[in-house]
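To start, the structure itself, in structure tokens.
Numbering starts at 1 and runs along the sequence shown. Numbering of ligands and ligand atoms starts at 1, following listing order. Everything numeric here is computed off the predicted structure, so don't read it as measured data.
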Amino acid sequence: MPSKPCLAVWFRSDLRCHDNRALSRAAEQANAQNLPLIAFYIATPKQWLEHDVSALQVDFILRHLPILQTQLARYQIPFRVWVCDDFSQVPELLLEQCQNWNIQQLFANREYPVNEIQRDQRVARTLESTSIETHFFDDFTLLAPGSVRTGQGDPYKVFTPFKKQCFKQLQEADIAEAPTARIEAEAPSHFAQSPPESLADFAPHLDTKTLEHLWPAGESAALERLETFAEHRLHHYQQRRDYPNAKGTSAISAYLAIGSLSPRAAMRAATRANQGEWTSGSEGAQTWISELLWRDFYQHILTAFPRVSRGRAFQPHTENIVWRDDPEAFQAWCEGRTGIPIVDAAMRQLLQTGWMHNRLRMVTAMFLSKNLLIDWRRGEQYFRRQLIDGELGANNGGWQWAASTGTDAAPYFRIFNPVTQGQRFDKDGAFIRHYVPELKDLPNKYLHEPWTHPDADQLDYPQPIVDLKLSRQRAIEVFRQASEHS
Ligand SMILES: Cc1cc2nc3c(=O)[nH]c(=O)nc-3n(C[C@H](O)[C@H](O)[C@H](O)COP(=O)(O)OP(=O)(O)OC[C@H]3O[C@@H](n4cnc5c(N)ncnc54)[C@H](O)[C@@H]3O)c2cc1C
């Protein structure tokens, strides 16, 4: 055992050095006590599978780790990665490592899904029973989950009043950058390691070159993306955000999901570009800030209503809905061959890039849960398995919204018509033509409804797998019955 005690930071969904509250406080404490600071990440491959973490996100995390290690070295903080199967093994692993390295205090930022909360509770109990202190911080959101309450002290269930309350609290909140100091005391040099061999065992086999181009790893890449957006696109966000071919959104979600970007940095960039304002100034900035608060909202929902982490509907009466079991239709939806061009283009965007435009997430989710009447949980799981930005709160919130089972859920009778959505948001068809090249020579008149083309049967493209009008009526009827029996 090294004779000198030390402090440690456990990185989880906060893979960055800048503006990281746990790291900042740990560094401050280490210097105050003249103790070394070490840092680590625990890879849990079985847990990732159980939580349906996509191969792309696993790859993204793994690509971040060596970058994080290099960044931390500049602060004289050695970093290593430990591997265990799943969360159940984490407390024991930590206890053993704390004893190996004489770790006296452990610092980490909170994660809010129910399994992560329980893991942390077990870790705290195990370590504290041997007098190792644990310190957890709220860092993943702008305002700490649980801290935004109605006048009656209840959690908000609807976004708009939640947002209004957030704006009040943000006036007083600390969203300044949490600085990290260089550590004065010398760290145990043998703690640092080159990325362990064992990581290669479960690294997914992916076309890393394409992924590195689409999703470059590291906090500098994340900050650069944020700054470029704030400088050039933020003020046009309101006009362009709904058009999948317009590149009108920030594409920072993958970085926020694994924490290589802090939400406070996103908020500061937006307010800086908007003369320090969040409720006035440019419409683009206000709308984008509102989206950041949607992200917060769904994290607050996770902690206030743990049932949503357990696959339960937020609106209990919607548990009565009898979903259809249709494996072929589900597969066609997954693979982007439903015969509805905008749905297929979106699903292929997801398959090819690991990301899907927000408007199309709503369109495809509604198509699955309403037109196909397939359980939203199947779609939620499929998205999670494909998305590079997969994150329980936002994914669950988005799916439950689309399926009319959630917080601000779309009323069940308001069902998007995917053809109209395509005509409206991909008017010239450029997005469809890119992802569904079978239709690239089709005149605009037929592009969104290729089945109306006189030679439709000669196209190398399927007929719609469902009648949009009849399936819409079927969904309304099923949802109406469920709400009547509630
Ligand atoms: C069915 C469905 C599933 C979704 N699954 C996820 C998911 O797994 N992970 C995820 O991060 N987002 C998810 N979203 C929300 C949203 O689609 C993405 O956050 C957004 O498309 C990311 O692109 P962007 O970074 O360019 O967003 P921008 O439009 O630039 O917005 C900035 C940031 O605000 C947050 N944000 C924006 N819209 C939402 C929203 N509706 N809900 C919560 N946060 C939001 C994101 O962190 C985003 O990066 C889902 C939405 C739906 C309808």
Side-chain angles (χ1 to χ4, degrees), residues 13 51-54 56-57 60 113 140-142 159 162-163 214-215 222 225-226 228-230 232-244 246-267 269-270 284-302 333 343 346-347 349-350 353-370 376-410 416 421:
S13 28
H51 282 176
D52 297 307
V53 180
S54 72
L56 263 74
Q57 194 173 68
F60 198 47
F140 193 71
T141 49
L142 292 165
F159 177 68
F162 169 84
K163 179 170 88 168
L214 282 175
W215 306 107
R225 198 171 270 222
L226 171 68
T228 307
F229 173 77
H232 301 292
R233 304 209 300 273
L234 177 69
H235 297 306
H236 310 292
Y237 182 72
Q238 175 68 11
Q239 292 93 45
R240 297 172 60 192
R241 61 192 287 242
D242 277 317
Y243 299 89
K247 297 203 166 43
T249 72
S250 65
I252 58 164
S253 50
Y255 300 91
L256 286 170
I258 66 159
S260 50
L261 184 66
S262 110
R264 297 179 301 280
M267 185 67 151
Q286 286 179 61
T287 310
W288 196 71
I289 287 169
S290 190
E291 295 306 310
L292 291 179
L293 290 172
W294 269 108
R295 178 180 174 277
D296 258 44
F297 180 57
Y298 287 135
Q299 295 301 317
H300 289 233
I301 291 289
L302 281 186
W333 176 81
V343 171
M347 295 306 291
Q349 179 183 41
L350 175 61
T353 68
W355 184 87
M356 191 195 288
H357 188 278
N358 180 58
R359 165 68 42 187
L360 302 181
R361 294 190 204 207
M362 296 194 284
V363 170
T364 53
M366 234 187 227
F367 180 77
L368 185 83
S369 57
K370 302 286 175 53
W376 57 272
R377 282 162 275 236
R378 298 211 57 201
E380 181 197 13
Q381 182 186 52
Y382 180 74
F383 265 32
R384 188 79 176 91
R385 287 179 177 177
Q386 301 299 329
L387 283 168
I388 192 155
D389 66 14
E391 184 273 296
L392 180 66
N395 195 33
N396 182 281
W399 272 96
Q400 295 223 44
W401 175 87
S404 307
T405 64
T407 49
D408 270 60
F416 285 169
Q421 290 285 311

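In this structure, the side chains of L293 and L142 come closer than 4.5 Å at one or more pairs of heavy atoms. Counting heavy atoms from C-beta outward, Q386 and L56 have side chains that stay 4.5 Å or more apart. Side chains of S54 and F60 form no contact here, defined as non-hydrogen atoms less than 4.5 Å apart. Contact of the E391 side chain with the F140 side chain is registered, since non-hydrogen atoms from C-beta on lie closer than 4.5 Å. With a 4.5 Å cut-off on side-chain heavy atoms, R241 and E291 count as touching. In this structure, Y382 and L368 have side chains that are not in contact, with every pair of non-hydrogen atoms separated by 4.5 Å or more. Contact check for W399 versus T405: no side-chain heavy atoms found under the 4.5 Å cut-off.
The closest non-hydrogen atom to atom 17 (O) of ligand 1, taken over N358, L392, D296, L360, comes from N358. The nearest non-hydrogen atom to atom 48 (C) of ligand 1, considering only S253, S369, S290, A402, comes from S253. For atom 6 (C) of ligand 1, the candidate residues are Q386, R361, E391; the nearest heavy-atom contact is made by R361.
By the 3.5 Å distance cut-off applied to N or O atoms, N395 is counted among the residues near ligand 1. Not a single N or O atom of A365, backbone or side chain, sits closer than 3.5 Å to an N or O atom of ligand 1. Considering backbone and side-chain N/O atoms, F383 never comes within less than 3.5 Å of an N/O atom of ligand 1.
Using cut-offs of 30° and 60° for the angle between ring planes, the W355 and H357 rings count as perpendicular. Under the 30°/60° scheme for interplanar angles, the aromatic rings of F229 and Y237 are found to stand perpendicular. Ring-plane geometry between F383 and W333 is classed as parallel, the angle between the planes falling under 30 degrees on a 0 to 90 degree scale with a further cut at 60.
Taking every non-hydrogen atom of G390 and a distance limit under 4.0 Å, the qualifying atoms of ligand 1 come out as 8 (O). The ligand atoms of ligand 1 that sit less than 4.0 angstrom from a heavy atom of M362 are 53 (C). Heavy-atom contacts of W355 reach the following atoms of ligand 1: 22 (C), 23 (O), 26 (O) (cutoff under 4.0 Å). Applying the 4.0 Å criterion to heavy atoms of Y237 picks out, from ligand 1, the atoms 28 (P), 29 (O), 31 (O).
For atom 24 (P) of ligand 1, the closest non-hydrogen atom of the protein is A251 N, 3.5 Å. Protein heavy atom nearest atom 9 (N) of ligand 1, with residue, atom name and distance: D389 O, 2.8 Å. Of the protein's non-hydrogen atoms, L292 CD2, 4.0 Å is the one closest to atom 33 (C) of ligand 1. Looking only at heavy atoms of the protein, atom 42 (N) of ligand 1 is closest to Y298 CE1, 3.6 Å. If you check which protein heavy atom lies closest to atom 38 (N) of ligand 1, you get E291 OE1, 2.9 Å. The protein non-hydrogen atom at the shortest distance from atom 12 (N) of ligand 1 is A394 CB, 3.4 Å. Nearest to atom 40 (C) of ligand 1 among the protein's heavy atoms is W294 CB, 4.0 Å. Nearest protein heavy-atom neighbour of atom 27 (O) of ligand 1: S250 OG, 4.0 Å.
Of the heavy atoms in W288, only side-chain atoms (C-beta onward) come closer than 4.0 Å to ligand 1. The residue F229 has no part lying near ligand 1, judged by heavy-atom distances below 4.0 Å. Heavy atoms of L256 found under 4.0 angstrom from ligand 1 belong exclusively to the side chain.
Partner of N395 under the side-chain contact (heavy atoms from CB on, under 4.5 Å) criterion, chosen from R361, E380, Q400, Q381: E380.
W376 contributes no side-chain N or O that, together with a main-chain N or O of W401, makes up a donor-acceptor pair within less than 3.5 Å.
Between F416 and F367, the ring centre distance reaches or exceeds 6.0 Å.
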